[in-house]
Undergrad: 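Before I ask anything, here is the structure I am working with.
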Amino acid sequence: VGSEPWRQNDRTFDAVTVTRGLPDRLMLTAAYVYNVNGVSGGSSPLGDTESSSLLLHGSYPLGARGVAEAYSYKVDLDHTLLPSTSTVGARAEGEVDVLGKGLDFYGEFANQREGAGNPNRIDAGYAHLNLGTQFAAITYKIGIEILQGSSAPGNKFTTPLGTAHKFNGLADMFVTTPMLGLDDTYYSIAGDWGGFQVAATYHQFASYKNTQNYGTEIDLTLTRVLASGLRTGLGTAQYNADGFGVDTLRAWIWMAYSF
């Protein structure tokens with residue numbers, strides 16, 4: 001669950017949220033979302049959607065260098081294209097020392113079932129694992145993200161309220177999970193160059209079921225801080241189809257000011 005902050009028309013939520021910190025640094029959050037303001041604007045059928053969604057989240061620090069989280073998301077949107085789902089999951093991320101070097105880790109697992117009023121039977125899993133380290137001021141990462149799918153209609157892991165652009169390639173070819181699911185293996189490097197923050201990522205996409213090749217993608221982004229609160233950047237994404245979609249090239253430039 002998240003916004004799409006890079007877009008000109010940011011996705012936002014109308015919600016009531018309660019956060020409570022408990023002893024031993026346990027943090028609990030509960031949110032009731034009664035409307036979703038989508039990136040496509042109010043004139044689109046998906047731009048303004050009523051909701052009866054309950055989001056529960058808890059987090060607990062793993063020492064000074066990590067955090068463990070658990071969540072339960074009951075998403076119920078008033079739209080026939082967005083059937084209700086119930087998702088339960090957990091994640092952990094942080095840093096450990098291996099042979100004198102810091103090793104970043106991230107692991108997340110979840111299971112999704114159909115919600116009330118959903119005519120489809122859903123029993124789909126999700127997994128996301130990655131490892132990273134830094135050498136000579138450059139960060140290297142390798143990871144895999146899996147969204148299960150099947151040949152049965154609607155039985156796939158979906159993220160209708162997720163920050164879709166951030167995951168599974170910047171070309172946005174997999175904003176909606178394919179019917180047979182998605183297996184995204186990726187490799188990335190990031191660092192500073194000439195005053196820019198530079199990141200490059202290579203993706204290999206395949207289906208979860210039947211292991212069909214989908215394609216590959218290369219993403220490149222450059223970001224720079226121009227002044228206090230002012231940032232700018234540009235990016236490009238080249239998707240090469242091999243069984244899913246068509247060859248696609250996207251490029252963008254943006255500027256943001258925070259105050």
Side-chain angles (χ1 to χ4, degrees), residues 2-9 11 38-41 44-47 79-83 85 87 106 108 110 112 120 122 124-132 139-190 197-223 233-254:
S3 64
E4 295 279 12
W6 79 275
R7 296 180 182 271
Q8 291 178 316
N9 191 23
R11 179 206 287 139
V39 298
S40 51
S44 167
L46 295 176
H79 200 286
T80 56
L81 297 179
L82 301 171
T85 57
T87 305
Y106 180 93
E108 182 174 3
Q112 188 172 90
N120 299 316
I122 300 176
Y126 171 85
H128 188 181
L129 303 170
N130 73 44
L131 294 173
T139 300
Y140 302 85
K141 283 188 177 182
I142 180 172
I144 183 170
E145 186 175 10
I146 297 172
L147 294 87
Q148 287 187 349
S150 74
S151 55
N155 187 17
K156 60 181 181 178
F157 195 97
T158 59
T159 58
L161 300 184
T163 308
H165 179 69
K166 183 179 178 181
F167 299 95
N168 308 133
L170 299 181
D172 289 342
M173 301 302 295
F174 300 98
V175 171
T176 301
T177 307
M179 184 177 71
L180 296 180
L182 177 65
D183 184 329
D184 174 13
T185 302
Y186 61 90
Y187 314 85
S188 70
I189 59 173
Q197 294 175 311
V198 183
T201 305
Y202 174 75
H203 295 267
Q204 292 178 310
F205 298 113
S207 66
Y208 167 77
K209 186 177 178 61
N210 300 335
T211 318
Q212 299 177 5
N213 288 331
Y214 283 161
T216 60
E217 182 173 321
I218 297 177
D219 301 331
L220 176 65
T221 61
L222 292 87
T223 307
L234 58 89
T236 182
Q238 173 69 60
Y239 175 76
N240 299 303
D242 184 20
F244 183 91
V246 297
D247 293 348
T248 302
L249 173 64
R250 300 187 191 276
W252 59 94
I253 185 170
W254 59 269

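No hydrogens, no waters, no symmetry mates; every other heavy atom, side chains included, goes into these values. Remember, it's a predicted structure, so these values are computed and weren't measured experimentally. We number each residue from 1, following the sequence as shown.
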Undergrad: Go through the structure and list residues passing salt bridge (Lys or Arg N to Asp or Glu O under 4.0 Å) with E145, not counting sequence neighbours.
TA: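 Scan of E145 (salt bridge (Lys or Arg N to Asp or Glu O under 4.0 Å), adjacent residues dropped) gives none.
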Undergrad: Does T158 offer a backbone N or O that forms a donor-acceptor pair with the side chain of Q112 under 3.5 Å?
TA: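 Such a contact is found between Q112 side chain and T158 backbone.
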Undergrad: Who passes side chain to side chain donor-acceptor pair (under 3.5 Å) against S207, sequence neighbours left out?
TA: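 Partners of S207 by the side chain to side chain donor-acceptor pair (under 3.5 Å) criterion come out as none, since no residue qualifies.
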Undergrad: Taking only residues two or more places apart in sequence, or in another chain, which ones meet F167 in a ring pair (Phe, Tyr, Trp, His ring centres under 6.0 Å)?
TA: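 Partners of F167 by the ring pair (Phe, Tyr, Trp, His ring centres under 6.0 Å) criterion come out as none, since no residue qualifies.
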Undergrad: Looking at residues at least two apart in the chain, or sitting in another chain, which of them share a side-chain contact (heavy atoms from CB on, under 4.5 Å) with T248?
TA: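 Scan of T248 (side-chain contact (heavy atoms from CB on, under 4.5 Å), adjacent residues dropped) gives M173, Y239, V246, R250.
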Undergrad: With L249, which residues qualify under side-chain contact (heavy atoms from CB on, under 4.5 Å), at least two apart?
TA: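 In terms of side-chain contact (heavy atoms from CB on, under 4.5 Å), with neighbours along the sequence ignored, L249 is linked to T236, Q238.
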Undergrad: By ring pair (Phe, Tyr, Trp, His ring centres under 6.0 Å), which residues pair with Y106, not counting sequence neighbours?
TA: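 For Y106, the residues satisfying ring pair (Phe, Tyr, Trp, His ring centres under 6.0 Å) (neighbours in sequence not counted) are H128.
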Undergrad: side-chain contact (heavy atoms from CB on, under 4.5 Å) with T159: which residues, sequence neighbours excluded?
TA: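 Residues passing side-chain contact (heavy atoms from CB on, under 4.5 Å) with T159: F157.
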Undergrad: Just to verify, what does Y208 make a ring pair (Phe, Tyr, Trp, His ring centres under 6.0 Å) with, not counting sequence neighbours?
TA: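 For Y208 there are no ring pair (Phe, Tyr, Trp, His ring centres under 6.0 Å) partners, ignoring immediate neighbours.
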Undergrad: Sequence neighbours excluded, which residues qualify as side chain to side chain donor-acceptor pair (under 3.5 Å) partners of N130?
TA: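 Side chain to side chain donor-acceptor pair (under 3.5 Å) list for N130, sorted by chain: Y186.
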Undergrad: Does S150 have any side chain to side chain donor-acceptor pair (under 3.5 Å) partners at least two apart in sequence or in another chain, and if so, which?
TA: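 Checked S150 against side chain to side chain donor-acceptor pair (under 3.5 Å); matches are N155.
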Undergrad: Please enumerate all residues that pass side-chain contact (heavy atoms from CB on, under 4.5 Å) together with N210, with sequence neighbours excluded.
TA: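 Here the qualifying residues are L180, Q212.
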Undergrad: Is the distance between the ring centroids of F244 and F205 less than 6.0 Å?
TA: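 No: the rings miss the under 6.0 Å criterion.
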